[in-house]
Number of protein chains: 2
Amino acid sequence: MKWLTDEEQSAWRAFLHATTLLEDHLDRQLQRDAGIPHMYYALLSTLSETPGRSMRMTELAEQTKITRSRLSHAVARLEGNGWVRRENCPTDRRGQVCVLTDEGFAEVERTAPGHVTAVRAAIFDRLSPEQTRQLEEISRVIAEGLHHPASADVPWQR
Amino acid sequence: MKWLTDEEQSAWRAFLHATTLLEDHLDRQLQRDAGIPHMYYALLSTLSETPGRSMRMTELAEQTKITRSRLSHAVARLEGNGWVRRENCPTDRRGQVCVLTDEGFAEVERTAPGHVTAVRAAIFDRLSPEQTRQLEEISRVIAEGLHHPASADVPWQR
DNA sequence: TGTGATTTATTGAATATTCAAGAAATTCGT
DNA sequence: ACGAATTTCTTGAATATTCAATAAATCACA
């Protein structure tokens with residue numbers, strides 16, 4: 001059993017603290033300004049940057065790294081707000097396309113500046129360009145490792 | 001209004017993906033192996049490393065960066081598992097001391113190896129020592145900025 | 001073509017988190 | 001010492017997330 005070195009332990013603690021505080025902070029900021037959690041905003045934002053402002057459910061779940069179940073619940077809620085609507089997928093009758101409404105797009109436009117400011121203030125105004133590059137690379141490595149988890153590629157488990 | 005540069009946007013996206021996937025991964029791992037979410041494990045782990053294996057509620061909330069309300073609910077649940085118990089604080093009758101039980105300590109000992117392995121596999125086995133140092137420094141900067149939020153220090157808002 | 005496996009998306013129940021409110025004890029300022 | 005303000009912790013309701021199960025459509029391929 002290989003434990004964490006002192007350096008790793010201390011880095012892990014710092015990382016946990018940073019991510020816990022950041023999530024909490026952004027959730028609060030967006031809950032206050034838009035009435036939705038951060039992840040819901042990320043859905044709207046992702047759709048707003050997509051050609052056609054729409055995406056298949058599974059594709060949207062993959063891009064935002066959340067489960068389909070979570071996405072279904074979230075989209076149901078956002079649909080209630082009138083910020084998103086579902087349409088049948090023309091090429092696959094199992095599929096649903098999640099479409100950002102004009103109201104949803106307007107909501108992103110309205111709240112984006114405040115959100116970006118919060119992200120800047122919490123992160124990029126505090127990091128050097130070099131650190132920003134480092135953070136991106138480190139994040140890529142971690143995400144890469146989790147996106148193709150070993151266990152999911154073991155044939156005999158399926 | 002100052003937007004994010006391309007480098008910042010791309011770093012932000014990568015960071016969000018990494019943290020979302022990581023949280024999800026660790027929650028699943030601990031839910032499977034210990035029946036509790038990652039944050040609950042962090043509470044037990046923090047207590048297990050504290051002299052006396054006990055801590056005031058507020059202190060525990062601060063160390064783990066969660067709200068007191070969340071901690072109250074979490075401790076109530078862990079108390080139900082028999083892994084923690086509450087005692088009255090001898091020096092402040094408002095206070096409660098959260099004590100890790102022997103069963104709770106045993107549970108940490110039992111599940112720590114699997115958890116550490118998961119953390120290593122996701123993060124430290126993939127990062128160079130240099131990147132580990134970078135991650136710690138970046139995390140410190142971010143956490144530092146959020147722990148003393150400007151708005152909380154503005155007297156006329158209180 | 002037909003059939004079993006897979007993919008897509010949703011649902012409801014169980015669990016977790018947030019938020020606002022509140023009770024009790026302590027501290028502050030005079 | 002007194003009352004107002006603060007701190008500590010909890011609670012219940014509203015919301016969000018996970019998990020397992022499900023239905024429907026498509027795919028793989030003999």
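Order of the sequence lines fixes the chain letters, A, B, ..., with proteins taken first and strands second; residue numbering starts at 1 for each chain. Not measured: the values here are computed from a predicted model.
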Supply the atom-to-atom distance [X] [atom1] to [Y] [atom2], rounded to the nearest 0.5 angstrom.
X	Y	atom1	atom2	answer
A/Ser128	A/Gln134	OG	CD	6.5 Å
B/Gln96	B/Leu60	CD	CG	12.5 Å
A/Leu30	A/Ile36	CG	CD1	6.5 Å

Item to complete: Please tell me which of A/His73 and A/Arg94 maps to the more 5' nucleotide of DNA chain D, matching each residue to the nucleotide holding its nearest heavy atom.
Response: A/His73
Worksheet item: In terms of the nearest nucleotide of DNA chain D, which residue is placed more toward the 5' end: A/Arg70 or B/Val75?
Response: B/Val75
Worksheet item: Under 30°, 30 to 60°, or over 60°: which ring-plane class applies to A/Trp12 and B/Phe124, parallel, tilted or perpendicular?
Response: perpendicular
Practice prompt. Name the orientation class of the two ring planes belonging to A/Phe15 and B/Phe15 (parallel below 30°, tilted from 30 to 60°, perpendicular beyond 60°).
Written response: perpendicular
Report which part of the nucleic acid [X] touches: base, sugar-phosphate, or nothing (heavy-atom distance under 4.0 Å, all strands).
X	result
A/Asp24	sugar-phosphate
A/Arg32	nothing
B/Asp92	sugar-phosphate

Fill in: Result of checking B/Thr50, B/Leu78, B/Leu43, B/Leu47 against B/Cys98 for side chain to side chain contact (heavy atoms under 4.5 Å, CB included)
B/Leu47
Gap between atoms [atom1] and [atom2], on [X] and [N] respectively (whole Å):
X	N	atom1	atom2	result
A/Ile36	C/dC19	CD1	P	14 Å
B/Met57	C/dA23	CE	P	20 Å
B/Ile66	C/dC19	CD1	P	14 Å
A/Gln96	C/dT11	CD	C1'	14 Å
A/Glu62	C/dT7	CD	C1'	11 Å

Below the 4.0 Å mark, does [N] have OP1 or OP2 next to a side-chain nitrogen or oxygen of [X]?
X	N	value
A/Arg28	C/dC19	yes
A/Arg68	C/dT10	no
A/Arg86	C/dA9	no

Worksheet item: With side chains defined as the heavy atoms from C-beta onward, is the minimum distance between A/Val99 and A/Arg86 less than 4.5 Å?
Response: no
Fill in: Side chain proximity check, B/Thr20 to A/Met39, heavy atoms < 4.5 angstrom
yes
Response to the item:
Per-helix bend value, the helix from C/dT1-D/dA30 to C/dT30-D/dA1, C1' rotation axes over five pairs per end, 10° rounding, shows 40°
Worksheet, complete the sentence: Note: chain A reaches DNA chain D at heavy-atom distances under 4.0 Å over the stretch, first to last nt, 5' to 3', of D/dA16 to D/dT26
Item to complete: Under the salt bridge (charged side-chain N to carboxylate O under 4.0 Å, His left out) rule, collect the residues that match up with A/Glu130, sequence neighbours excluded.
Response: A/Arg133
Item to complete: Please tell me which of B/Met39 and B/Arg93 maps to the more 5' nucleotide of DNA chain C, matching each residue to the nucleotide holding its nearest heavy atom.
Response: B/Met39
Worksheet, complete the sentence: Heavy-atom nearest nucleotide on DNA chain C taken for B/Thr91 and for B/Pro37; more 5' hit belongs to B/Pro37
Worksheet item: Is B/Glu107 salt-bridged to B/Arg110, going by a charged N under 4.0 Å from an acidic O?
Response: yes
